[in-house]
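What follows is a single structure, written as structure tokens, with notes after it.
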2 protein chains.
Amino acid sequence: MATIGQIAAELGISKSTVSRALRGLPGVSQDLIDEVKAVAERMGYVPSAAAAGLTTGRNYAVGVVVPALTRWFYSEVVSGVDRALAAAGYDVVLYDMDRNHDVGTRAFARSLLRKRVDALIVVATVFTEHELAEFDALEMPVIAVGPSAPQFRTIGVDDHAIMAAAMEHMLGLGHRQLGYVGGYDEESLSLASAADREHTFMKTALAAGALVQPEWMLAGGYKQGAAMRATRELFSRDSWPTGLVCASDEMAMGAICAIHAAGKRVPEDVSVIGIDGHEYGADYELTTMAQNPQAQGEWAARQVVAEIEGATPVQEFEPAPFTLIQRGSTAAPGR
Amino acid sequence: MATIGQIAAELGISKSTVSRALRGLPGVSQDLIDEVKAVAERMGYVPSAAAAGLTTGRNYAVGVVVPALTRWFYSEVVSGVDRALAAAGYDVVLYDMDRNHDVGTRAFARSLLRKRVDALIVVATVFTEHELAEFDALEMPVIAVGPSAPQFRTIGVDDHAIMAAAMEHMLGLGHRQLGYVGGYDEESLSLASAADREHTFMKTALAAGALVQPEWMLAGGYKQGAAMRATRELFSRDSWPTGLVCASDEMAMGAICAIHAAGKRVPEDVSVIGIDGHEYGADYELTTMAQNPQAQGEWAARQVVAEIEGATPVQEFEPAPFTLIQRGSTAAPGR
DNA sequence: GTGAAAGCGCTAACAG
DNA sequence: CTGTTAGCGCTTTCAC
């Protein structure tokens, strides 16, 4: 493995010059730059991030903490983060908290703290007091993506607003008998988002004088399968709503499946609206309040890079945008 | 940020002793060890991976290359890799090749080559000749997970065998009119697995004298939404198979949804079998040939760690196991 | 323009 | 058991 010193020796010049030439710093003649680069290429030279980081304190890496990589939303965010970071020349160090949250707390903190990363992006993860204190001690930029975390600056949609918008659509169509598919995903560790959505659903429904039976509040666990089962059960009873508001698109797709299984039609018998903007929504003709987790990830990544490189930290972010995508799963009731 | 030197100064001892004490190396009195650890804790000492790596050449990090993090299979594998690596004290450096494959080739190689990682785990990614050559030059353990890559040692199921087993189940039930939901996922970059499964489906079907109409070969793109649409179309025609063999569970769940939408029953009118062992399969009563991508990821991670730490490389891995999970979506035809 | 020297934080021989 | 002495590969003053 070629080093800067070997290149220097090969050309009979000093290491400093090689370093400067390779990094395009001023003060090296163009001829030498070309020569150095050629030799570096020929020798298969590759800079050592560790060595460079030792002196500069910069690692060109940012940590991404995620509660469960296998969940759609999180993998989308991470994907966006990765793309933006790669474009900026930074690596992604992944910390999947899936199940090893309590077990691995110590290990997580230790490894995190190894000066591996220049900043941290936290995706919808809840931490202990102790961990939060450690983050503070880190003294590096930290930005959260997803459900807002009071301790961090957060990039994400306003969960109240997005649900209110979904409700506006359903109420506007004339639905007054509404069911809700929500619940909590135990593994995702973040309950705030789910609670906010459910709360606003209820509040808005009641304010509009809509009928919401207790049995119409379904626990879908933010998972397609669970939502499908819960919905199937709902339609095995003798009364059901004209509209189903789902706290996520994954659950909405499960619900649609269950409605079909029950021999009902969407939207003729039941309207279904989702939230999130899942990739498969189009195939299911699903009306949804779409947000863009990838874009949020990219945004967070760019912001974090800017701060690493000296930009003054933004104190508070605008809520991420969302838009109604109207498709075939919603219509006026009783058609 | 406390360093080893500061701790040494604080206690009036040498850096080496501190280093040894902290790492639990032999040759330090228990008393001193305790003292050192106490001071380190108090000063909030955290080791610098970069500095340690510089001398030892070990980074305690492994790179994970993945074609599209947002796909179920890959995120499962990465999740498993992460867990095993975290347990072994290693960090995960993620390289999501999603879309930036051609654009980012150079950046990918460069960053990979920065001696950041001690080994590489490649998940179902296809590389150019040039990239492969660079991997060789890296001289570090490389293991592939998922569809077998001829250039790498691979951990994964035998795609022929798993499809053959699925077919055995369907044929054993008496199905002789079979449809196939498969296709290719353009974004995943790995076509071998899809091709193998389709090939074995065809071969096995023909060998059993089963009827397979060309229109029954559906392109589901390995995506739930696309599979749903393709299946919906199939059932809008005037002839359809008694059994549907799906190359993945995600597609199978989409197919089930479409079958319900068409007013048919599973398994009474159509049997459906999937492959993979998706988490939601149970909710859908889906019969499947289950594999365990998380376990495969863990296995690869453990193997790679062993090799980093000096174990002699295993030359070839056993194919990963799979088992039939028989649930309610399959039954004898014509019930 | 270019070079020499010092040092980033840690580990790894050697001595004692 | 503990300390000394060299570096690891790179960047960064400061001279020339």
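A, B, ... follow the sequence lines: proteins, then strands. Residue 1 opens every chain.
A donor-acceptor contact closer than 3.5 angstrom is absent between the side chains of A/S75 and A/R71.
You can see that DNA chain D meets the heavy atoms of chain B within a 4.0 Å-exclusive cut from D/dC1 to D/dG9, reading 5' to 3'. First and last contacting nucleotides of DNA chain C toward chain B (any atom under 4.0 angstrom from a heavy atom, 5' to 3' order): C/dG9 to C/dA13.
Within the 4.5 Å cutoff, the side chain of B/E298 has no heavy atoms near those of the B/V81 side chain. Between B/D91 and B/L85 there is no side-chain heavy-atom pair separated by less than 4.5 Å. Proximity of A/V305 to A/R302: side-chain heavy atoms (C-beta onward) are nowhere separated by under 4.5 Å. With contacts defined as side-chain heavy-atom distances shorter than 4.5 Å, the pair A/R153/A/P313 qualifies. A/T154 has its side chain out of reach of A/F317: every pair of non-hydrogen atoms, C-beta onward, lies at least 4.5 Å apart.
Each of B/A50 and A/I13 lies near DNA chain C, and the nucleotide nearest A/I13 is the one positioned closer to the 5' end. Checking B/Q30 against A/A2, the closest nucleotide of DNA chain D that is more toward the 5' end is the one next to B/Q30. DNA chain D is contacted by both B/L32 and A/Y45; B/L32 maps to the nucleotide lying nearer its 5′ end (nearest heavy atom per residue).
Sorted pairs that involve residues 139-149 of chain A and meet salt bridge (Lys or Arg N to Asp or Glu O under 4.0 Å), not counting sequence neighbours, are lacking altogether. Residue pairs meeting the side chain to side chain donor-acceptor pair (under 3.5 Å) criterion with at least one partner in residues 309-318 of chain B, sequence neighbours excluded, are B/Y90-B/E309.
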Determine all donor-acceptor pairs shorter than 3.5 Å in which one atom belongs to a side chain in residues 10-18 of chain B; sequence neighbours excluded.
unit_1	atom_1	unit_2	atom_2	d
B/S14	OG	B/T17	N	3.4
B/S14	OG	B/T17	OG1	3.0

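Interatomic distance, B/M97 CE to A/D82 CG, rounded to the nearest 0.5 Å: 10.0 Å.
Of the residues in residues 14-29 of chain A, those with a non-hydrogen atom less than 4.0 angstrom from any atom of DNA chain D are A/K15, A/S16, A/S19, A/R23.
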